[in-house]
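Structure, as structure tokens:
Labels below follow one simple rule: chain letters A, B, ... track the order of the sequence lines, proteins then strands, and each chain is numbered from 1.
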There are 2 protein chains.
Amino acid sequence: MKKVLLRDVAEKAGVSIAMVSYVLNGQKTDRINKDTAQRIRDAVEELNYRPNFLAQSLKLKKTFSLGFIAADIANTFSSQLARIISDEADRAGYALIIGSSDESKPRFERLIDQLLNRQVDGLILAAPDGSEELIKALQTRKIPLVLIDRYFPELPVSSVRVNNYQASFDAMTHFISEGRKKIGILVFDTGLHHLNERMRGAQDGITQSKAAAYITHLINENQIEQEVPAAIQSMLKQDVDALYFTSNKLGIVGMRYLMNQQIPVPVKMSALFFDETEVFDFYPNPLPFIRQPLKEMGKKAVELVFQQMNEAASAAESVVLETTLVQSHIDQ
Amino acid sequence: MKKVLLRDVAEKAGVSIAMVSYVLNGQKTDRINKDTAQRIRDAVEELNYRPNFLAQSLKLKKTFSLGFIAADIANTFSSQLARIISDEADRAGYALIIGSSDESKPRFERLIDQLLNRQVDGLILAAPDGSEELIKALQTRKIPLVLIDRYFPELPVSSVRVNNYQASFDAMTHFISEGRKKIGILVFDTGLHHLNERMRGAQDGITQSKAAAYITHLINENQIEQEVPAAIQSMLKQDVDALYFTSNKLGIVGMRYLMNQQIPVPVKMSALFFDETEVFDFYPNPLPFIRQPLKEMGKKAVELVFQQMNEAASAAESVVLETTLVQSHIDQ
DNA sequence: TTGAGTTGTTTAAACGTTTAAACAATTAGA
DNA sequence: TCTAATTGTTTAAACGTTTAAACAACTCAA
């Protein structure tokens with residue numbers, strides 16, 4: 001029942017451990033005697049030998065593991081992404097260690113520290129507000145990393161994200177073409193660039209149409225349960241006839257309020273969401289939303305981080321993916 | 001910018017690497033000269049030395065990591081549990097590697113294999129149907145492990161779970177006291193003991209009351225989208241006035257069908273769920289459900305696995321936690 | 001028949017730690 | 001004064017791999 005080592009296999013096959021290692025790793029295959037190789041493979045099989053990952057990692061300076069720090073793993077967006085990234089990493093023989101910054105910079109910093117201590121080979125990060133300097137520092141340390149969802153416009157670092165500005169712009173255009181006159185935009189009061197882009201895109205889209213007006217409400221992330229209802233209330237008084245929720249968290253709180261107040265959507269007030277949530281399943285009327293291509297995002301992120309890992313001096317590459325405006329969650 | 005090693009610290013402090021190691025690990029503290037120790041600590045600080053986890057792990061035969069295999073990480077139940085376990089492990093300085101068996105036994109087996117290859121120190125497992133032998137094999141290999149949610153009644157292995165039978169029994173009693181006459185029980189057609197206990201508990205509860213009847217429908221896990229609606233349809237014809245969904249997945253599909261068919265809950269048909277989901281948020285009427293104490297479950301699981309890890313011959317310990325019947329998701 | 005090349009295999013160092021054991025210098029006990 | 005104990009530190013082996021380099025035994029051309 002003891003752990004079987006290279007040494008045991010070598011002994012059984014009557015060779016040195018080097019030979020076993022060579023055969024297992026498919027090296028020097030031209031040199032090694034065919035019979036010996038077979039004998040070794042048989043011994044490996046028979047003893048059910050499994051190389052010790054730690055020893056390998058130590059020697060090869062490669063742990064075959066990636067780190068992913070989500071923004072908030074309790075949020076469906078993050079957990080779905082985690083799932084996809086995990087599967088994708090797995091496919092390449094890499095394990096994924098997942099952390100959640102909960103949008104806290106110190107926590108983010110601590111998690112990075114831990115992941116690096118554990119010598120992960122690469123990082124996929126949903127960087128919180130204010131972490132720009134930290135990312136920059138990681139880059140000068142040549143740590144392979146890719147930002148996902150979040151990004152910093154001035155920082156030359158690989159990232160995967162969606163067309164936040166354009167998606168919001170187009171969504172508003174469409175909203176207006178349906179006859180909306182006054183649109184309320186709800187967005188977190190944050191330095192996070194991607195969220196501000198969603199706001200800007202929406203504002204510009206509305207402005208450009210010349211057929212509608214908008215009111216923007218900045219929501220404090222920690223006061224969301226209070227401020228979203230307050231914002232909606234105030235907008236109702238100003239005859240807002242459509243709401244744009246720039247994140248799923250805002251959307252969920254907002255919809256809950258609208259339901260409690262028995263304000264029918266989209267009859268009296270229409271609503272559009274960035275991101276979908278399974279919560280929509282339980283709403284009887286169509287709820288349009290902007291869908292991010294999660295699968296592609298995850299895949300691409302893994303691809304980019306591998307690229308960083310393999311090519312020492314690989315240039316930063318930013319991938320911007322397209323969203324889709326889904327008219328109704330009901331018929332998908 | 002190069003990685004700083006024990007050797008570098010030793011050099012800087014003018015001592016051998018052994019001394020540095022001793023100081024860092026707080027060993028031989030009675031022997032070591034106070035000044036030397038301080039000199040070493042200063043050097044560590046100055047060089048910002050971080051021990052290499054791999055080397056440590058290899059030497060100590062301890063990776064300070066746990067493996068958690070969820071049933072289906074896309075399911076809120078699993079992901080919340082993962083979150084809690086991760087936090088709890090983290091608190092103890094352990095990393096968590098998460099996998100999802102998706103209820104597939106081969107996949108479960110493969111994941112275990114991978115985790116063991118990576119030398120995780122302990123396992124927390126939501127074991128899929130049919131994995132009993134595998135668990136038994138792990139136990140004879142003395143792998144520290146704890147089952148969570150799922151368990152095998154005849155297998156003496158540490159586990160954390162809830163009172164599935166009693167919770168279902170009591171819930172039915174309560175249902176009947178509210179006047180339900182004919183209750184439809186929906187449960188997966190599975191060998192999973194905890195789900196069958198939910199069914200048995202409900203059936204026994206109803207039988208014992210003598211004031212109501214029941215119909216049980218076994219649902220094939222892979223046909224859930226077809227079979228749940230069919231089951232509900234057939235039950236409607238038989239004047240069923242209440243539904244008991246023994247898992248959140250069944251509940252979500254069932255509610256979606258009821259909504260599509262415009263069957264008002266709980267007016268025409270009442271419903272009770274095992275597990276809560278955020279989906280309920282978007283339903284205007286009260287939906288009662290049985291709540292599992294996720295936090296306690298996760299904490300206890302980590303506690304038990306640590307116990308297994310620390311005490312070589314620690315006996316299997318089963319922890320059965322209490323659920324709560326929540327009357328309405330609306331006022332929690 | 002010698003030296004060079006080829007084939008097949010082993011030796012040994014390295015990865016970065018931990019820690020038992022050895023060692024040296026000082027102090028204490030008789 | 002000599003031995004024993006104490007204090008402070010170093011040496012070296014070990015954890016389980018990978019891999020460059022060395023080695024041994026042939027083959028072959030000149």
Original post:
Is the distance from OP1 or OP2 of C/dT11 to the nearest side-chain N or O of A/Ser16 less than 4.0 Å?
Top reply: no
Original post:
A/Gln56 side chain N/O closer than 4.0 Å to the phosphate oxygens (OP1, OP2) of D/dG16?
Top reply: no
Subject >> Side-chain donor-acceptor contact under 3.5 Å, A/Thr63 with A/Ser57 >> reply: no
Subject >> Atom-to-atom span, CG of A/Asn117 to P of C/dG16 - whole angstrom >> reply: 14 Å
Subject >> Whole angstrom value for the distance that separates C1' of C/dT17 from CZ of B/Phe64 >> reply: 12 Å
**OP:** May I ask you to decide whether A/Asp102 forms a salt bridge with A/Arg107, counting only side-chain N to carboxylate O separations under 4.0 Å?
**Re:** yes
Original post:
According to a strict under-4.0 Å criterion, is A/Asn25 in side-chain N/O contact with OP1 or OP2 of D/dT18?
Top reply: yes
**OP:** Could you check how far CE of B/Met19 sits from C1' of D/dT11, rounded to whole Å?
**Re:** 14 Å
**OP:** Would you tell me if any nitrogen or oxygen in the side chain of A/Ser21 comes within less than 4.0 Å of OP1 or OP2 on D/dT18?
**Re:** yes
**OP:** For B/Leu60, answer base if it contacts any base atom (sugar-phosphate contacts may also be present), sugar-phosphate if it contacts only those atoms, and nothing otherwise; contact means non-hydrogen atoms under 4.0 Å.
**Re:** sugar-phosphate
Original post:
Taking the nucleotide of DNA chain D with the closest heavy atom to each, which residue, A/Lys59 or B/Ile17, is nearer the 5' end?
Top reply: B/Ile17
Subject >> C/dG16 OP1/OP2 closer than 4.0 Å to side-chain N/O of A/Lys61 >> reply: yes
Original post:
Looking at B/Tyr151 versus B/His194, is the centre-to-centre ring distance below 6.0 Å?
Top reply: no
Subject >> Gap between atoms CD and C1', on B/Gln38 and D/dG8 respectively (whole Å) >> reply: 17 Å
**OP:** Check each residue of residues 44-55 of chain A for a non-hydrogen atom within less than 4.0 Å of any atom in DNA chain C, then write out the ones that pass by number, or none.
**Re:** none
Original post:
Want to settle it: does B/Leu58 or B/Tyr22 sit nearer the 5' end of DNA chain D, counting the closest nucleotide to each?
Top reply: B/Tyr22
Subject >> Passing option when B/Leu123 is tested against B/Leu66, B/Leu116, B/Val146, B/Ile97 for side-chain contact (heavy atoms from CB on, under 4.5 Å) >> reply: B/Leu116
Original post:
Over how many whole Å does the gap from A/Arg7 atom CZ to C/dA12 atom P extend?
Top reply: 17 Å
Original post:
Are B/Asp113 and A/Arg50 ion-paired here, with the side-chain N under 4.0 Å from a carboxylate O?
Top reply: yes
Subject >> Spacing between A/Lys34 atom NZ and C/dG8 atom P, to the nearest angstrom >> reply: 11 Å
Subject >> D/dT19 phosphate, OP1 or OP2, under 4.0 Å from A/Gln27 side-chain N/O >> reply: yes
Original post:
Rounded to whole angstrom units, what separation is found between the CZ atom of A/Arg118 and the P atom of C/dG16?
Top reply: 18 Å
Original post:
Does a salt bridge link A/Arg83 with B/Asp72, judged by any charged N lying under 4.0 Å from a carboxylate O?
Top reply: yes
**OP:** Would you mind checking if B/Lys105 and B/Asp129 are paired as a salt bridge, meaning a charged N to carboxylate O distance below 4.0 Å?
**Re:** no
**OP:** Considering only NZ, NE, NH1 and NH2 on the basic side and carboxylate oxygens on the acidic side, decide whether B/Glu296 and B/Lys299 come within less than 4.0 Å.
**Re:** no
Original post:
When you check the phosphate oxygens OP1 and OP2 of C/dC15, does a side-chain N or O of A/Ser57 lie under 4.0 Å from one of them?
Top reply: no
**OP:** Describe the nucleic acid contact of A/Leu6 in one word from base, sugar-phosphate, nothing, applying a heavy-atom distance below 4.0 Å.
**Re:** base
Original post:
Between D/dA21 atom P and A/Arg31 atom CZ, what is the distance in whole Å?
Top reply: 13 Å
